[in-house]
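Report on the structure given below.
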Amino acid sequence: MKRTTVWVTTAAALTGLAACTSSGSSDEPEDKRPASAPTALPALRTAERSTERAETARVRSTTVMGTQLSLTADGVLAWRDGLSGDLTIDYTGGTAAETMRGLGVTSMEARYLSDAYYARMGDTFAAKMGGKHWLRYAYDDLKTLGGGADLADQMRSTTPNQSVRLLLDSGDVRELGRETVDGQAATHYSGTVRVEDVTDTELRRRLQDADVTAETVDIWINEKNLLVKKVEKTSTTNGRVTQTAHYSDYGVKVAVQKPPAADTEDFKSLLSQSSTNPT
């Protein structure tokens with residue numbers, strides 16, 4: 001299998017998850033965070049805690065990464081003990097999507113577990129892999145790749161409430177009023193995070209490593225203090241990335257199973273195989 005194919009599959013699963021959670025988070029103590037609008041802070045802190053305590057939710061999202069990749073994701077996530085979930089990811093546009101279409105793949109199922117995530121690519125793709133439908137990506141293997149440690153840590157630690165945390169770090173968060181989101185009343189908050197102003201050293205490094213220069217975060221909180229929508233627009237040296245996610249059915253049951261071992265190929269093995277065909 002070509003190395004390009006392996007990388008596109010990795011990017012799609014990671015991007016689909018990032019759209020449903022958040023591109024970054026901060027564990028900075030509240031007294032060290034930038035000052036935001038005083039009236040908005042108590043509501044946002046309550047929303048952060050309520051969303052974290054909910055532990056599971058149904059999620060649907062869209063992502064646009066310039067001309068490189070556009071996709072949608074739909075499924076369930078749990079964050080009670082690390083992150084787990086099951087998402088269906090559809091390629092909708094971009095050069096990476098064209099690459100996958102050439103292999104007969106227009107969508108995939110991604111399962112996220114504590115030690116690895118699994119991507120089911122379909123029958124046409126399986127025919128090119130000796131009949132196996134699933135690719136396994138161990139987080140420890142991702143750490144051996146350029147930027148892989150950050151990706152692995154993000155997949156294991158990010159949760160939807162971290163979009164609220166990121167907004168608390170913006171320094172200029174604003175309450176924009178009441179709106180209707182997915183048929184329910186919600187309060188809209190917005191703010192811009194400038195990388196040079198981020199006080200959390202680790203978060204600032206991650207954003208800089210990703211060539212992020214600024215990020216705008218919009219979130220909508222319902223009357224139960226739960227996040228129901230988020231829009232993150234990230235400016236990078238390579239263009240703009242826009243991620244939109246909708247959350248519902250908090251508390252939904254999430255039970256993710258490992259795919260059958262006999263139907264699973266390991267990502268690390270594929271990289272070794274693809275080294276003789278690196279394009």
Side-chain angles (χ1 to χ4, degrees), residues 15-26 30 33 36-64 70-81 83-90 92 107 109-110 112 157-170 172-193 215-234 241-256:
T15 302
L17 177 65
C20 295
T21 54
S22 178
S23 62
S25 66
S26 175
E30 291 180 356
R33 291 176 175 173
S36 299
T39 58
L41 290 180
L44 289 176
R45 288 172 181 147
T46 298
E48 178 188 355
R49 291 191 294 267
S50 297
T51 301
E52 182 177 21
R53 286 196 295 262
E55 296 187 341
T56 68
R58 193 171 302 279
V59 188
R60 54 186 174 87
S61 69
T62 61
T63 301
V64 178
S70 299
L71 57 81
T72 64
D74 191 351
V76 292
L77 291 176
W79 52 91
R80 61 177 66 89
D81 294 309
L83 191 68
S84 64
D86 192 331
L87 298 175
T88 298
I89 298 173
D90 292 310
T92 57
S107 67
E109 178 186 355
Y112 305 91
S157 64
T158 52
T159 57
N161 70 299
Q162 292 187 356
S163 294
V164 186
R165 288 188 183 183
L166 189 59
L167 188 55
L168 283 168
D169 275 340
S170 73
D172 70 342
V173 62
R174 302 173 303 282
E175 180 179 330
L176 300 183
R178 303 279 282 176
E179 300 176 18
T180 300
V181 177
D182 298 329
Q184 58 186 309
T187 303
H188 182 186
Y189 299 90
S190 181
T192 300
V193 179
E215 182 163 356
T216 300
V217 181
D218 286 80
I219 64 172
W220 287 258
I221 305 297
N222 69 7
E223 294 179 347
K224 296 181 179 179
N225 298 311
L226 295 170
L227 178 68
V228 292
K229 180 182 177 182
K230 71 128 184 184
V231 178
E232 294 185 12
K233 297 179 180 179
T234 303
V241 178
T242 302
Q243 298 176 329
T244 302
H246 295 254
Y247 304 91
S248 61
D249 295 338
Y250 278 97
V252 65
K253 182 178 180 180
V254 178
V256 185

Between Ser107 and Asp90 the two heavy atoms that sit nearest each other are CB-OD1, 2.8 Å
So OG1 of Thr62 and CG of Asp74: to nearest 0.5 Å the spacing works out to 11.5 Å
Let me confirm one number: the CG-NZ distance from Asp218 to Lys229, rounded to the nearest 0.5 Å.
8.5 Å
Heavy-atom pair with the smallest gap, counting every atom of Ala78 and Thr56:
CB-CG2, 3.7 Å
So do the side chains of Leu87 and Tyr112 get within less than 4.5 Å of each other, counting heavy atoms only?
yes
Any Val181 side-chain heavy atom under 4.5 Å of Asn222 side chain
no
In Å, rounded to the nearest 0.5 Å, how long is the span from CG of Leu176 to NE2 of His188?
5.0 Å
Heavy-atom nearest pair, Ala43 first then Tyr189, reads CB-OH, 3.3 Å
With no hydrogens and no angle check, is any side-chain donor or acceptor of Tyr250 less than 3.5 Å from a backbone partner on Leu227?
yes
Taking atom types as modelled, find out whether Thr187 and Glu175 have a side-chain donor-acceptor pair closer than 3.5 angstrom.
no
Thr92 vs Thr72, test: side chain to side chain contact (heavy atoms under 4.5 Å, CB included). Steps then yes/no.
CA-CA 7 Å; Thr92 57; Thr72 64; 4.0 Å; yes
Side chains of Tyr247 and Leu226, heavy atoms from C-beta outward: is any pair under 4.5 Å?
no
Would you name the heavy atoms of Ile219 and Val217 that are closest together and state the gap between them?
CG2-CG1, 4.0 Å
What's the separation between atom CD in Glu232 and atom OG1 in Thr63, rounded to the nearest 0.5 Å?
10.0 Å
Does Gln243 reach the side chain of Lys230, with side-chain heavy atoms less than 4.5 Å apart?
yes
Do Lys224 and Ser50 come within less than 4.5 Å of each other through their side chains, counting heavy atoms only?
no
Can you find a heavy atom in the side chain of Asp182 that is under 4.5 Å from one in the side chain of Arg60?
yes
Give me the atom names and distance for the closest heavy-atom approach of Leu167 to Ser190.
CD1-C, 3.7 Å
For the student: nearest non-hydrogen atoms of Trp220 and Glu179, plus distance
NE1-OE1, 2.9 Å
Spatial distance of atom OG1 (Thr234) from atom CD (Glu215) [nearest 0.5 Å]
3.5 Å
Rounded to the nearest 0.5 Å, the CZ atom of Arg165 sits from the CD atom of Glu52 at a distance of 5.5 Å
